[in-house]
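Here the structure is a predicted model, which is why all the values come from computation and not from measurement. In what follows, every chain begins at residue 1, and chains take the letters A, B, ... in the order their sequences are listed.
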Amino acid sequence: MDAQYDPSHELYWSKKWKEDHVFHSEIDENKPRFSMVIPPPNVTGSLHIGHALDLSLQDAVVRYKKMNGFNVCWVPGTDHAGIATQNVVERSLLKEGIKRQDIGREAFLDKVWEWKDKYGNKILDQITRLGCGVDWERLRFTMDPVCARAVRHAFKELFDQGLIYKGHYMINWCPRCGTAISDLEVTYEEEDAHLWYIRYPFEDQKGFIVVATTRPETMLGDTAIAVNPNDEHYQSVIGKFVLVPLIGRRIPVVADESVDPDFGTGAVKVTPAHDPTDFAVGQRHDLEVIQVIGLDGRMTDAAGKYAGLDRFDAREAVVNDLEKQDYLEKIEPYRHAVGHCQRCNTVVEPMISDQWFVKLTAMAPEAKRVVEDGEIQIVPDRWVKVYQDWMDNIRDWCISRQIWWGHRIPVYTCQECGYVFASEEEHVDTCPKCGGPVKQEEDVLDTWFSSSLWPFEVFGWPEQTADLKYYFPTTLLITGYDILFFWVARMVFMSTTLNKQVPFKQVFLHGLVLDEHGQKMSKSKGNTVDPMDMIDEYSADALRYALISGMSLGGQDVNFSESRIEHGKNLTNKIWNSARYVLNVVADKDLSKEPEQLSSVDRYILSRLEETKNVVVQCFDSYDFGAALREIESFYWADYCDWYIEMSKVEPTYGTYWTLRHVLEESLKMLHPFLPFITQEVWSRIGFDSYLVNETWPAPRKDFVDSVAVERLSVVKDAIRGIRNLRAELNVKPSQRIRVLLQGDLDSWSEFIPYIKFLARVEEVSQTASAVENAYSVVVGTDVFYVPLQGIVDIEKEKSRLLKQKSDLENRISVYDKRLQNNDFLNKAPKEVVEKQKEERQALEESLSQLVKRLSELGG
RNA sequence: GGGCGGUUAGCUCAGUGGUAGAGCGCUUGCCUUACAAGCAAGAGGCCAGAGGUUCGAAACCUCUACCGCCCA
């Protein structure tokens with residue numbers, strides 16, 4: 001084994017796991033079941049750091065559950081990402097000067113499939129590289145025939161139940177993507193903008209009414225002015241008519257409750273075609289709807305002389321003309337939230353059009369109930385409230401997209417009789433009623449529609465397959481809180497409606513990965529981290545370490561830093577070298593039998609191992625993965641490597657060798673969910689030809705719990721640290737061995753003297769009945785170690801050392817005294833706490849009296 | 001406007017009512033034959049502020065300030 005750990009074998013193991021179907025699951029009624037579906041990543045995408053965290057966590061759980069005897073099934077797959085994928089292919093076609101319309105729908109879709117077949121495996125390879133133990137034989141793509149079938153079935157089912165409908169409503173339109181998008185796909189950003197105050201003259205030309213707007217270009221589509229019915233200023237104008245500046249359209253002043261009297265002048269313009277609130281006002285007052293902005297973001301013919309202008313150019317032009325013609329009262333700076341397309345950041349245009357909707361308003365109560373009743377447990381539970389609030393304010397979901405790549409809406413209209421129906425069949429040519437020709441809807445479904453069926457469609461739904469019955473509902477879902485609404489909630493809607501069952505029993509929502517200063521990563525900030533670069537530079541284990549060790553129980557965001565991943569790399573090197581040492585030492589030993597004799601030091605590390613096992617299991621069971629990892633790491637590095645391995649070098653016995661090896665093996669098992677590669681590699685170096693993930697999780701060994709040994713060792717460590725500290729302070733060369741005299745019960749120390757000699761570089765420890773002249777001293781409890789040094793002992797230095805220790809002790813004791821002299825404390829605190837405090841004070845007091853004695857010997 | 005997080009060492013963060021921990025960074029000394037990707041020893045904190053509950057608060061409650069996120 002090399003002195004430095006080389007992670008290049010990671011490639012070997014990830015390939016082996018896949019080739020040997022290590023993570024393949026089959027139905028097995030004799031084992032407890034654990035099933036989970038991967039949040040399917042975008043097939044056009046590559047792994048980003050957020051995926052890496054999400055996948056590392058899932059993999060850790062999968063390995064942990066598998067080692068605990070579960071029949072684990074983790075289903076992998078990718079998402080067809082309608083708009084994103086279409087964009088990518090459109091862009092590449094455009095390089096050849098081809099528009100998708102030029103080649104038509106079918107040819108275009110062929111191109112997309114070609115593209116997918118060529119590049120769509122990238123992210124799957126990356127998942128493999130990260131070490132993920134997914135069931136590759138169950139790999140799914142959301143456009144697979146089985147998923148397409150599921151989508152059609154789900155659609156028809158919901159359509160027939162009246163839970164999907166087509167409607168003429170205001171939706172969010174992205175002019176760049178050329179499609180409707182859902183409310184969730186709009187992100188609002190605060191922007192510095194303006195409020196333009198525009199004069200609308202009354203039709204009799206006697207005065208005008210001033211309205212404030214952030215969007216002057218939409219005035220071309222104004223069909224009313226609205227004021228609040230209770231606004232005294234405007235009582236007299238309600239019912240009157242004004243003329244829209246620049247175009248002269250005659251529009252009424254209406255009274256509507258929705259108008260905020262405190263906004264602007266208290267009077268607002270109403271453009272039903274281009275604003276959701278105005279749309280509602282328009283419906284209430286039966287106003288005309290004039291669309292002045294087209295689907296391409298340019299002004300329509302209805303905009304008169306502005307027709308053809310981009311909406312933002314039109315804004316400038318309109319403002320310009322208003323100013324010229326003296327319709328502009330004033331301009332104020334104004335900060336407000338502007339909706340952008342989540343995908344391309346284009347400013348979203350509210351637009352009225354015919355779209356398909358899922359009636360979430362009808363489905364929300366059940367989705368709410370299953371969480372309320374605990375049928376689904378959301379962890380951390382603070383998300384429950386967020387989820388419930390969202391359900392309380394739910395709006396129907398616009399699912400139609402004006403693109404080609406995706407699941408085409410399975411609704412047909414008979415060209416003869418006009419019958420409209422949804423079908424589950426892949427192709428429908430004739431009307432089931434009259435046999436006439438039918439025409440299918442052109443639009444495709446929101447990608448999230450198929451994603452919402454993911455946890456059951458991957459098991460063959462709607463067929464009631466054996467897999468579906470066995471693996472569904474899934475046990476756990478792990479994903480980031482950022483897709484709670486996008487995905488998690490929608491799966492609940494779909495499953496509770498279509499299956500009358502929850503899609504998963506538990507959801508763990510983790511935080512997002514931020515940069516090292518807690519900033520969101522973004523390309524424009526230039527602070528993104530490519531996980532594959534990190535893997536290349538540091539190893540997948542190190543990356544997994546950096547991500548998971550940064551997690552805390554509350555599901556906080558994880559700050560990613562290179563220093564953390566570097567530490568992960570150091571940890572793997574530490575594991576490597578400690579294993580290298582141990583394996584070398586035990587190489588020729590037959591350690592098959594458990595030893596009959598164990599030293600205190602052996603019992604100490606075995607007992608600490610038991611404590612660690614307990615904590616780690618508790619952490620896993622409470623989804624505290626970061627703490628689990630930190631706990632094992634600290635046990636392995638601080639207890640096992642820094643103390644036990646070092647101590648094992650002193651007069652090793654069979655028990656020592658056995659313990660060295662035992663703790664190594666058990667530690668490897670506990671580390672395996674987090675660092676699968678190095679642990680597997682070392683496991684094989686031990687000589688095992690098994691996969692570590694198929695080994696059994698370390699079982700508790702109550703007989704190894706030995707608090708006395710742990711307590712003894714803590715004192716021994718204090719002695720060693722004390723002597724080391726003394727050496728360091730006095731600049732004693734590491735190579736120089738020193739003599740030590742113990743004032744105290746040598747017998748009680750005898751077992752540990754060899755360790756003290758080795759670790760504190762002590763030549764000899766002998767006993768002394770009384771204080772030693774000309775020596776430094778280390779007080780450990782009631783005992784004193786004297787260290788006479790050749791040459792002159794600096795009495796003043798020794799005194800000041802001891803005085804500092806004395807005042808530290810006195811300070812600590814005074815805190816205890818304050819507490820123990822307080823009658824309220826003595827009466828009200830639990831007895832065992834009082835006892836413990838007394839004991840602790842007593843121990844400090846004993847050390848103090850030794851110090852005082854020592855100081856008086858020095859004449860201080 | 002409504003809601004949710006956060007504020008602890010220079011930086012990034014853990015912390016379960018009983019006078020605070022880690023990693024990185026810093027100082028000092030060590031290539032001590034597992035590991036310099038390491039070892040040892042150290043320095044460094046009125047736990048954001050103010051009230052309250054409690055025998056006792058970094059932790060529980062209330063308010064304030066600031067930072068961040070989500071929703072409208």
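Straight-line distance between the C1' atoms of B/U19 and B/A57: roughly 11 Å, to the nearest whole Å. When the P atom is compared between B/G45 and B/U32, the two are found 35 Å apart, to the nearest whole Å. Taking atom P on both B/U54 and B/C71, the two are 41 Å apart, rounded to the nearest angstrom. Taking atom P on both nucleotides, B/C39 is separated from B/A58 by 33 Å, rounded to a whole Å. Here the separation of B/A59 from B/A20, taken at their P atoms, is 14 Å to the nearest Å. Rounded to whole Å, the separation between the C1' atoms of B/U12 and B/U16 comes to 23 Å. Comparing the same atom, C1', in B/C46 and in B/C4 gives a spacing of 30 Å after rounding to whole Å. For B/C60 and B/C47, the P atoms lie 16 Å apart once the distance is rounded to whole Å.
Remark: B/C39 base-pairs with B/G29. Criterion, Watson-Crick or G-U wobble with two distances under 3.5 Å. In this structure, B/G5 forms a base pair with B/C67, meeting either the Watson-Crick or the G-U wobble geometry with both donor-acceptor distances under 3.5 Å. Under the Watson-Crick and G-U wobble criteria, each requiring two contacts below 3.5 Å, nucleotide B/A22 is paired to B/U12. The nucleotide B/G51 finds its pairing partner in B/C61, both defining distances of the Watson-Crick or G-U wobble pair being shorter than 3.5 Å.
Distances were taken from every side-chain heavy atom of A/R564 (C-beta onward) to each of B/G23, B/G18, B/U12; the shortest belongs to B/U12. Residue A/E190 places its side chain closer to B/A72 than to any other of B/C71, B/A72, B/A14. The side chain of A/V833 has B/G18 as its nearest neighbour among B/U19, B/A34, B/G18. With distances taken from any side-chain atom of A/K804 to the nucleotides B/A37, B/A14, B/A43, the minimum falls on B/A43. The nucleotide whose nearest atom lies closest to any side-chain atom of A/R724 is, among B/G42, B/C35, B/A40, B/A40. Between B/C70, B/C4, B/C24, one nucleotide has an atom nearer to the side chain of A/R382 than all others, and that is B/C4. Among B/C39, B/G38, B/G18, the nucleotide with an atom closest to any side-chain atom of A/A829 is B/G18. Nearest to the side-chain atoms of A/H567 among the listed nucleotides B/A41, B/C24, B/C55 stands B/C24. Ranking B/C55, B/A72, B/U19 by closeness to the A/N822 side chain, first place goes to B/C55. The nucleotide whose nearest atom lies closest to any side-chain atom of A/A728 is, among B/A41, B/C4, B/C11, B/A41.
A cation-pi contact, defined as under 6.0 Å to the ring centre and within 45° of the axis, links A/R724 to A/W643.
Here A/N731 does not reach the OP1 or OP2 of B/G29: none of its side-chain N or O atoms lies under 4.0 Å away. Here A/K385 reaches the OP1 or OP2 of B/C4: one of its side-chain N or O atoms lies under 4.0 Å away. A close approach under 4.0 Å does not occur between any side-chain nitrogen or oxygen of A/N577 and OP1 or OP2 of B/G38. Under 4.0 angstrom from either OP1 or OP2 of B/C70 there lies at least one side-chain N or O belonging to A/K520. Dashed line: the shortest gap from a side-chain N or O of A/H517 to OP1 or OP2 of B/U12 is under 4.0 Å. For A/Q556, a side-chain nitrogen or oxygen approaches OP1 or OP2 of B/G6 to under 4.0 Å. For B/C39, one of the phosphate oxygens OP1 or OP2 lies less than 4.0 angstrom from a side-chain nitrogen or oxygen of A/K574. Contact annotation: A/W643 side-chain N/O to B/C39 OP1/OP2 distance is not under 4.0 Å. For the pair A/K649 and B/A34, the criterion of a side-chain N or O lying under 4.0 Å from OP1 or OP2 is met.
Contacts of A/R819 with the nucleic acid, taken as non-hydrogen atoms under 4.0 Å apart, include base atoms. Within the nucleic acid shown, A/E729 has no heavy atom closer than 4.0 Å to any nucleic acid atom. As judged by a 4.0 angstrom heavy-atom cut-off over every strand, A/V386 is placed among residues making no nucleic acid contact. Across all strands shown, A/K836 has no heavy atoms under 4.0 Å from either base or sugar-phosphate atoms. Contact annotation for A/Q4: base contact, defined as any heavy-atom pair under 4.0 Å involving a base atom. Residue contacts shown for A/D642 are limited to sugar-phosphate atoms, with no base heavy atom under 4.0 Å away. Contact annotation for A/K733: no contact, since no heavy-atom pair falls under 4.0 Å across all strands. Within 4.0 Å (heavy atoms only), A/S561 reaches no atom of the nucleic acid at all. Within 4.0 Å (heavy atoms only), A/P830 reaches at least one base atom of the nucleic acid. In this structure, A/R727 reaches neither bases nor backbone, as no heavy-atom distance under 4.0 Å exists between it and the strands shown.
Within a 6.0 Å radius of CZ in A/F825, other residues, nucleotides and ligands contribute more than 12 heavy atoms.
With sequence neighbours excluded, no residue satisfies salt bridge (Lys or Arg N to Asp or Glu O under 4.0 Å) with A/E189.
Side-chain to base pairing of A/E646 with B/A34: one donor and one acceptor N or O lie within less than 3.5 Å of each other.
You'll find the side chain of A/M670 stays beyond 4.5 Å of the side chain of A/F620, heavy atoms only.
In this pair, A/H510 and A/F508 present their aromatic rings tilted. The plane angle is within the 30 to 60° band.
The only option from A/F486, A/F485, A/W383 that meets the ring pair (Phe, Tyr, Trp, His ring centres under 6.0 Å) definition with A/W390 turns out to be A/F485.
Per the geometry, CD1 belonging to A/I645 stands 12 Å off P belonging to B/C35, to the nearest Å. Between A/R812 atom CZ and B/G18 atom P the separation is 15 Å, expressed in whole Å. Counting to the nearest Å, the C1' atom of B/G56 and the CG atom of A/D817 are 16 Å from each other.
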